[in-house]
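A quick write-up on the structure given underneath.
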Amino acid sequence: MTNQDRVVLITKSKTPTSTVLVVERQADNNNEHNEKNEYIAGGEHSGIVISKIRKYDIQDETPADTSVQFCVFLVNGQTGLHTKERRTIRFWCNGVKMIDASAVASQFFQDLILPDQFPLDYIGFVKRLLILMHKGYKCVSKLEIELKQLEITSVKPVNQVSVEGSTLNLDISLTKLRELIESSYPNPLTIDDINKKHGWKNSDIKDNLEKLQESGIVKPVDGGYTRVVLHDKIVEQIPNIQNNRQPTVAIITAEYCEKVAVDILIENKETFVRYTTVGESNVYTIGKMGNHSVVCTKLPALGLSREATIAAGNAITRLLGTFQKVEHVFVCGAGGGVPHYTNYDKHVKLGDVVVSHCGNNQKAVYTYCKNVSNENGNLKFHCHQYSPKTFDLQIAAMKLQTEVRKFLFFKWSIV
């Protein structure tokens, strides 16, 4: 492992109620290894080292780039007492100006407390920190972890979250199970999939699935379960569509309820579902919306994770490959409110239709900020702008807005 990094855990200080640990990335030099003073991991964890020396001699006065802090309650299995512990993680990055330390710390914290890998005890917590540093986050040069006990009580904490079985979710219910299956649609979910995702007992999952099946809400498919959709056609391959029915507009939704809302507006529709045990399943609803032939589909995964992004990209690529006459692709669904700072009448409200449009003297209809850097005390935003080849949708929205204003003016004028 010459010229490779080692991730080294060192105890900086320790008192009866607090412990400070340091996890730092060090250059590996085989000649300087001292097995008397180090525990050296092997196998898939090769490169992780735990120092036996209970003293951190390096005096580094450089302030941390950022930090995260949270509290946990530790339960004594014998006495039942709860110990409230504050945990602070301080981050030192590699000094590259382009690195957004806050974003790195936020993503690190999210990975640290993943539901299916949530550390249940002190050893698991430290091990998770070491693995995250070892497997990734090369931009982080050092972590300092402070664990400080605050109080011991026999009273259970309010709004506590159970982490038994590596889960952050509460008890199973028909509603939660239905929403989970709908969010995964058209991909079927097996009982094991649901167990890994939420930690519910297999017996409870099976009982609730049977109730949903009796209600006609879910059905078994390929060893898993999926949402029942009326009048859908299960196919091995999406059939060839006649030229006069070939869609020119594609509508993509993220939520199941959003697709249902779009499907209601489609006339003379047919829904084709292709289930697969390898890769992603597909669902396409084809029909007419006004004078346009359209196809509507739903993304099989939500979120900003790498897996969800890849799944979304694959779904759109398959759609455009299957329906090659598509000219416009709309991503639509229910959004959050967009408040106006000074004018209440300009708030985006429930029922409003929002179309992204370019601002004054700009061509981009969507701007994504990739990173924020601090250069000599000045914040610099690194953004990427996106713009359609044509502004047909924006022009149509402006025409519709003009027609609505004329209608409202005429309506109020005759009154």
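If you're wondering where the values come from, they're calculated on a predicted model, not measured in any experiment.
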Listed by chain and number, what are the salt bridge (charged side-chain N to carboxylate O under 4.0 Å, His left out) partners of K219, not counting sequence neighbours?
D232
Is the number of heavy atoms from other residues, nucleotides or ligands within 6.0 Å of NZ (K138) greater than 12?
yes
Measure from NZ or CZ of R87 to the centre of the six-membered ring of F125, then state whether that distance is under 6.0 Å and the direction lies within 45° of the axis.
yes
Are the side chains of C71 and K84 in touch, meaning some heavy atoms are under 4.5 Å apart?
yes
Report yes if the side chains of L209 and L177 come closer than 4.5 Å at any heavy-atom pair, otherwise no.
yes
Taking C-beta and beyond as the side chain, do L143 and M133 meet within less than 4.5 Å on heavy atoms?
yes
Value rounded to 0.5 Å, distance of CZ in F73 from CD in E151
6.5 Å
Between the side chains of E270 and K233, is the shortest nitrogen-to-carboxylate-oxygen separation below 4.0 Å, so that they form an ion pair?
yes
Can you find a heavy atom in the side chain of N243 that is under 4.5 Å from one in the side chain of K325?
yes
Taking C-beta and beyond as the side chain, do L319 and Y284 meet within less than 4.5 Å on heavy atoms?
yes
Measure the shortest side-chain to side-chain distance between N195 and W200 over non-hydrogen atoms and say whether it is less than 4.5 angstrom.
no
How far apart are the C-alpha atoms of E403 and Q401, what are their side-chain angles, what is the distance that settles it, and do they pass the side-chain hydrogen bond (donor to acceptor under 3.5 Å, both in side chains) test?
CA-CA 5 Å; E403 291 177 8; Q401 185 182 44; over 6 Å; no
We want to know whether T19 and K14 form a side-chain donor-acceptor pair, criterion being a heavy-atom distance below 3.5 angstrom.
yes
Apply salt bridge (charged side-chain N to carboxylate O under 4.0 Å, His left out) to E144 and list each qualifying residue two or more places apart in sequence or on a separate chain.
K12, R90
So salt bridge (charged side-chain N to carboxylate O under 4.0 Å, His left out) across residues 381-398, not counting sequence neighbours, yields none
Given I50, which of V7, V126, L9, I10 fulfils the side-chain contact (heavy atoms from CB on, under 4.5 Å) condition?
L9
Does the side chain of F323 come within less than 4.5 Å of Q246's, by heavy atoms?
yes
Under 3.5 Å side-chain donor-acceptor pair for T190 and D193:
yes
Kindly write out the residues that satisfy salt bridge (charged side-chain N to carboxylate O under 4.0 Å, His left out) with R25, not counting sequence neighbours, or none if the list is empty.
none
If you define the side chain from C-beta out and look only at heavy atoms, does anything of I217 sit under 4.5 Å from R227?
yes
Look at the aromatic rings of F108 and Y137 and report parallel, tilted or perpendicular, splitting at 30° and 60°.
perpendicular
Atom CG of residue position D121 - does it have more than 12 heavy atoms of other residues, nucleotides or ligands inside 6.0 Å?
yes
Under 3.5 Å, is there a donor-acceptor pair linking the side chains of T88 and Q69?
yes
Working to the nearest 0.5 Å, report the span between CD of E210 and NZ of K206.
6.0 Å
For residues 256-269, dump all side-chain donor-acceptor pairs below 3.5 Å to protein atoms at least two apart in sequence or in another chain.
residue: E258; atom: OE1; partner: A254; partner atom: N; Å: 3.2
residue: E258; atom: OE1; partner: E255; partner atom: N; Å: 3.0
residue: E258; atom: OE2; partner: A334; partner atom: N; Å: 3.0
residue: K259; atom: NZ; partner: D263; partner atom: OD1; Å: 3.4
residue: K259; atom: NZ; partner: D263; partner atom: OD2; Å: 2.7
residue: K259; atom: NZ; partner: T285; partner atom: OG1; Å: 2.6
residue: K269; atom: NZ; partner: D263; partner atom: O; Å: 3.2
residue: K269; atom: NZ; partner: I266; partner atom: O; Å: 3.2

E179 meets the salt bridge (charged side-chain N to carboxylate O under 4.0 Å, His left out) criterion, sequence neighbours left out, with none
I need the I251 CD1 to H292 NE2 distance, nearest 0.5 Å.
10.5 Å
